[in-house]
J.: 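Below is one structure. I have some questions about it.
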Number of protein chains: 2
Amino acid sequence: MEKSRMTKSIPAPAVRRLTLYLQHLEELLARGAGRISSRELAESLQLTGAQVRRDLAYFGQFGRRGVGYEAASLAGNLREILGADKTQSIILVGAGDLGRALARYRGFPQRGFKLVAAFDVSPKKIGKKIGSLTIQHIREMPAIVKRDNIRLALLTTPATVAQEVADQLDLAGVRGILSFAPGVLQTSKPLAVGQVDLASNLQQLAFSIASEE
Amino acid sequence: MEKSRMTKSIPAPAVRRLTLYLQHLEELLARGAGRISSRELAESLQLTGAQVRRDLAYFGQFGRRGVGYEAASLAGNLREILGADKTQSIILVGAGDLGRALARYRGFPQRGFKLVAAFDVSPKKIGKKIGSLTIQHIREMPAIVKRDNIRLALLTTPATVAQEVADQLDLAGVRGILSFAPGVLQTSKPLAVGQVDLASNLQQLAFSIASEE
DNA sequence: CCCTGTGAACCTGTTCACAGCG
DNA sequence: CGCTGTGAACAGGTTCACAGGG
């Protein structure tokens, strides 16, 4: 809790892979896995053993030489590293189609995220339910963020207001925003932003198939 | 059309940025932009001029020294490079919440993608409509892919069947799959796969805020 | 003198290969 | 003897800095 590990900047791609390792380990554990080597863990993810070992080495030594890794304990370590060992509350801003789909997305709770509130500005949407949540006006957002000490938000508003909403989230004290709006958000330093640009992803894929012959 | 440019492997991050350049240029053009320098284009995207120029240099020379770029013609070049100059038909497999949200997502048509069919296996969903599309049984998929010469598919099935569906898409002749299921898809070489793992993205974001103090 | 286009230096992440411990 | 953990070599993308055209 007060570990304050002087995380000397872990490469972002390594962090991405760590999430894959954990996810895959959870699957293996559900099937009753015991020991696993870096090679085994790597190949189902189309990586190499060296890559896995290097990524883990950023955080410590989790295996036994000559043996491999204990799946359960490695998963435990990864959960802790990624903060997946405790539930993290998140909020959603923008209750359009995409927002509502994300609110129901099972992958989030499966990985330790709990949606605790959803906001919008449209009178048509406010008061409606998404699952067990009632959509609230965004003016209620700062109070909820403070009350529940929310650190993460999903941003699914139209692109036109994304920046404005991001500013409000920043002001309210949110620490990270995962934005689904196209365009880069301008934010103050302490706020981390992740971007998921769906159309851009599709365009990149289209490019990659166009360029191979 | 038969340019067969010996695209000597453009870095993936460069392609990602190209989509951002184009998107941003479209916005600027809508506001009546004329000339733009690499610096101007860069800074709203939090990049540097050098980066922009280097990325463009992979494909040719689009600017005029001492002047900058003509926004309209640069956008045109980028559209051609990215294949956004012509509409690309796509299909959707998996008509769950996420799939239906993607089917309605405006960003796709805005960037030149047209959803022409949606598939599922659930009798509850087949025959229902998503916008103007009727959900069909996936067994119809190969015929549609052939008929419309579909190259791209969105995969929004549960993770448990994602691999199986990917194999069917592969077999049907689809060239690229954008998968929203967690886990790495095993595919034959000619098939390109893009992954959008929502929970992984959120986890990466959570990590990044946890590690800064 | 401005801004592009680009060789060259730089830097960061990946891969190799092996020392080291079980 | 196997598999981890890790220095060292490598690769590839980014940044620098400037030549070159307008």
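Note that this is a predicted model, so its numbers are computed, not measured. These values consider heavy atoms only, across backbone and side chains, with no hydrogens, waters or symmetry-generated copies.
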J.: Which whole-number value in Å describes the distance from A:Gln46 CD to C:dT15 P?
T.: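 These atoms are roughly 13 Å apart.
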
J.: Closest-nucleotide mapping onto DNA chain C: is B:Ser38 or A:Asp55 further toward the 5' terminus? I mean the 5' end.
T.: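 Closest to the 5' end, via its nearest nucleotide, is B:Ser38.
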
J.: With sequence neighbours left out, write down each residue that passes side-chain hydrogen bond (donor to acceptor under 3.5 Å, both in side chains) with A:Asp167, or none if nothing qualifies.
T.: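 By the side-chain hydrogen bond (donor to acceptor under 3.5 Å, both in side chains) rule, A:Asp167 matches A:Gln163.
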
J.: Could I get the full list of side-chain hydrogen bond (donor to acceptor under 3.5 Å, both in side chains) partners for A:Gln88, not counting sequence neighbours?
T.: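 A:Gln88 satisfies side-chain hydrogen bond (donor to acceptor under 3.5 Å, both in side chains) with no residue once adjacent residues are dropped.
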
J.: Any side-chain N or O of B:Tyr69 less than 4.0 Å from the OP1 or OP2 oxygen of C:dC2?
T.: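 It does not, given that no N or O in the side chain of B:Tyr69 lies less than 4.0 Å from OP1 or OP2 of C:dC2.
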
J.: D:dG13 phosphate, OP1 or OP2: any side-chain N/O from B:Arg17 under 4.0 angstrom?
T.: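 For D:dG13, OP1/OP2 do not have a side-chain N/O of B:Arg17 under 4.0 Å.
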
J.: In whole angstrom, what separates A:Arg35's CZ from D:dG2's C1'?
T.: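 So the CZ-C1' distance, A:Arg35 to D:dG2, works out to 12 Å.
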
J.: So if I define the base as every atom that isn't primed, P, OP1 or OP2, how would nucleotides 16-22 of chain C read as a B/S/- string at a heavy-atom cutoff under 4.0 Å?
T.: -B-BBBS

J.: CG of B:Leu47 versus P of D:dT14: gap in Å, rounded?
T.: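 Taking CG of B:Leu47 and P of D:dT14, I get 10 Å after rounding.
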
J.: Hey, could you give me each pair passing side-chain hydrogen bond (donor to acceptor under 3.5 Å, both in side chains) that has a residue in residues 68-78 of chain A? Not counting sequence neighbours.
T.: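 Checked against side-chain hydrogen bond (donor to acceptor under 3.5 Å, both in side chains) - neighbours excluded - no pair reaches residues 68-78 of chain A.
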
J.: Find the distance A:Gln51:CD to C:dT12:P and express it as a whole number of Å.
T.: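 Roughly 17 Å, once rounded to whole Å.
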
J.: Take the protein atom CD1 of B:Ile10 and the nucleotide atom P of D:dG13, then report the distance between them rounded to whole Å.
T.: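 Computing the B:Ile10:CD1 to D:dG13:P distance gives 10 Å.
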
J.: Run the side-chain hydrogen bond (donor to acceptor under 3.5 Å, both in side chains) test against A:Gln168 and tell me which residues pass, sequence neighbours left out.
T.: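 Checked A:Gln168 against side-chain hydrogen bond (donor to acceptor under 3.5 Å, both in side chains); zero matches.
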
J.: Can you list everything that forms a ring-ring contact (aromatic ring centres under 6.0 Å, His included) with B:Phe108? Sequence neighbours excluded, please.
T.: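 Residues passing ring-ring contact (aromatic ring centres under 6.0 Å, His included) with B:Phe108: B:Tyr105.
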
